[in-house]
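Not measured: the values here are computed from a predicted model.
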Amino acid sequence: MSAPCEPRATAPASAPPVPPVPSATTTASASAPAARRPALDWRIRFAGLSLIWGFSFLLIKVGTEGYAPFQVTFGRLLAGTAVLVAAMAMRRERLPRSARTWGHLTVAALLLNALPFSLFSYAELTIPSTLAGICNATSPLWGMALSVVALSEDRPTRRRVAGLGVGFLGVLTVLGAWQGFSGLDLPGTGMALLASFCYPVGWIYVRRTLAGTGSSTLALTGSQLCLATVQLAVVTPLFTSAPTSFPLLPTLCVLALGALGTGLAVLLQYGLVQEVGPTTAQMVTYFIPVIATAAGVALLGEQLSWNTPVGALVVLVGAALTQSRPRRTAATAPTPIPAQAPEGSLPAAPAPGSSTVEAAGRGPRPPQP
């Protein structure tokens with residue numbers, strides 16, 4: 001789960017899509033009348049987004065009880081795409097026209113949606129949803145490690161490097177390294193960590209290839225999800241057989257995972273970034289593992305040893321440090337590039353859905369599970 005930054009947006013998340021930021025349309029129409037303020041206070045929408053992405057790991061867990069992992073991923077992508085296509089139709093958004101843009105979106109769809117969503121589904125066959133949610137919180141740590149070598153403009157500071165060390169210390173605490181990882185399902189945990197690693201790789205790719213496309217964030221994100229759905233439509237029949245039954249609870253969970261965690265959450269994130277800015281909007285990332293852990297323990301009866309919450313807290317502290325940036329004065333701040341759109345997929349966060357927008361700039365990175 002829908003999905004992972006203070007950048008200038010340029011393409012569709014954490015990000016989510018993340019994720020998201022001011023869209024191309026927003027920048028282009030700076031002189032247009034101000035948009036009407038949403039009826040719901042941003043704090044309510046922030047809480048809703050946190051709950052949606054936090055519960056995504058529980059929904060994945062229940063979904064895999066009735067369907068194969070690839071089927072869960074295909075179902076969530078199909079439902080999420082339907083929501084975004086409907087939003088695009090209502091806003092009369094135009095799809096990208098450049099073949100080059102579609103090519104880059106195909107890669108982004110694999111890195112930010114198809115691959116991590118499938119990895120989380122497979123991981124939760126053998127690991128608790130609480131552990132999957134905590135593994136998802138390591139995305140900022142992987143992003144920090146990658147930025148050292150992949151993004152020359154993201155020069156690491158001592159505080160951010162310290163955050164990287166603290167964060168991975170937290171990961172070792174969660175995994176119980178001093179016990180030799182006894183009782184831990186290493187393949188499942190490895191897949192969850194690899195899924196969280198996919199998000200920053202995807203953000204870096206989008207940031208380098210989809211800036212300045214001229215399409216809005218919603219159009220880019222919707223197109224990305226469409227491509228991810230096509231990818232799963234091709235792969236799923238090769239590894240699974242058609243379901244012979246449609247159990248009610250797993251089916252509802254897969255539909256909710258897609259419509260809410262991969263569709264509605266992206267729209268909520270866009271609105272939050274535009275209203276309160278990426279700094280505040282990306283804070284949703286730190287609530288996701290807390291909610292995922294509470295949901296897994298309370299509703300699924302998953303066991304929780306002391307090192308899991310303690311390690312998760314250390315991971316979040318490290319992740320927060322890696323996202324800190326020195327304040328720039330007006331004289332030293334770089335001139336912003338016109339944004340093309342905003343789930344950071346936030347982290348792009350997602351989350352559980354990741355947004356191309358957040359990746360393109362440095363906005364929230366959606367943690368999409």
Side-chain angles (χ1 to χ4, degrees), residues 1-4 12-20 38 40 44-67 69-91 93 109 112-114 116-118 120-121 124 129 217-219 221-233 236 243 246-272 284 288 291-292 295 343 345-346 348-356 366-369:
M1 323 316 97
S2 39
S14 187
V18 51
L40 284 178
I44 297 177
R45 286 177 284 130
F46 181 95
L49 182 60
S50 301
L51 288 171
I52 289 173
W53 273 340
F55 270 85
S56 292
F57 298 97
L58 179 148
L59 296 177
I60 293 174
K61 187 72 173 179
V62 177
T64 56
E65 293 176 358
Y67 297 100
F70 275 135
Q71 292 171 343
V72 172
T73 302
F74 175 68
R76 74 176 290 187
L77 284 171
L78 188 62
T81 299
V83 171
L84 290 191
V85 167
M88 291 168 62
M90 292 176 62
R91 301 181 188 182
E93 295 282 355
L112 293 172
N113 301 115
F117 290 2
S118 299
F120 271 123
S121 294
E124 291 200 44
S129 65
T217 299
L218 179 57
T221 304
S223 301
Q224 175 186 312
L225 281 183
C226 285
L227 290 169
T229 304
V230 171
Q231 291 170 354
L232 262 295
T236 301
F246 297 89
L248 181 60
L249 186 56
T251 300
L252 292 177
C253 285
V254 171
L255 292 176
L257 179 64
L260 300 179
T262 309
L264 177 62
V266 171
L267 300 177
L268 287 174
Q269 188 184 33
Y270 289 165
L272 286 172
V284 70
I288 292 174
I291 295 172
E343 170 203 99
S345 24
L346 294 228
S354 175
S355 159
T356 306
Q368 308 194 324

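- Residues passing the side-chain hydrogen bond (donor to acceptor under 3.5 Å, both in side chains) test with S223, sequence neighbours excluded: none.
- Across all non-hydrogen atoms, the minimal contact from T64 to V72 is N-CG2, 3.9 Å.
- Under the ring-ring contact (aromatic ring centres under 6.0 Å, His included) criterion, F70 pairs with Y122, F239, not counting sequence neighbours.
- Inter-residue side-chain proximity for S56 and I288 is flagged as unmet; no heavy-atom pair is nearer than 4.5 Å.
- Here the straight-line distance linking atom CG of N113 with atom OG1 of T221 works out to 9.0 Å at 0.5 Å rounding.
- Between S121 atom OG and Q71 atom CD the span is 10.5 Å, to the nearest 0.5 Å.
- Between R76 and I60, the closest side-chain pair of non-hydrogen atoms falls below 4.5 Å.
- Between Y67 and F246, the ring-plane angle classifies as tilted under the 30° and 60° cut-offs.
- You'll find the side chain of F55 stays beyond 4.5 Å of the side chain of L260, heavy atoms only.
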Step by step, would you call F117 with T262 a side chain to side chain contact (heavy atoms under 4.5 Å, CB included)? CA-CA 10 Å; F117 290 2; T262 309; 4.1 Å; yes
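- Separating the CG atom in L257 from the CD1 atom in I52 is a distance of 11.0 Å, to the nearest 0.5 Å.
- The distance from the CG atom of L225 to the CD atom of Q231 is 10.5 Å, given to the nearest 0.5 Å.
- The closest side-chain heavy-atom distance from L59 to L252 is not below 4.5 Å.
- In this structure the side chain of L218 reaches within 4.5 angstrom of the side chain of L267, judged on heavy atoms.
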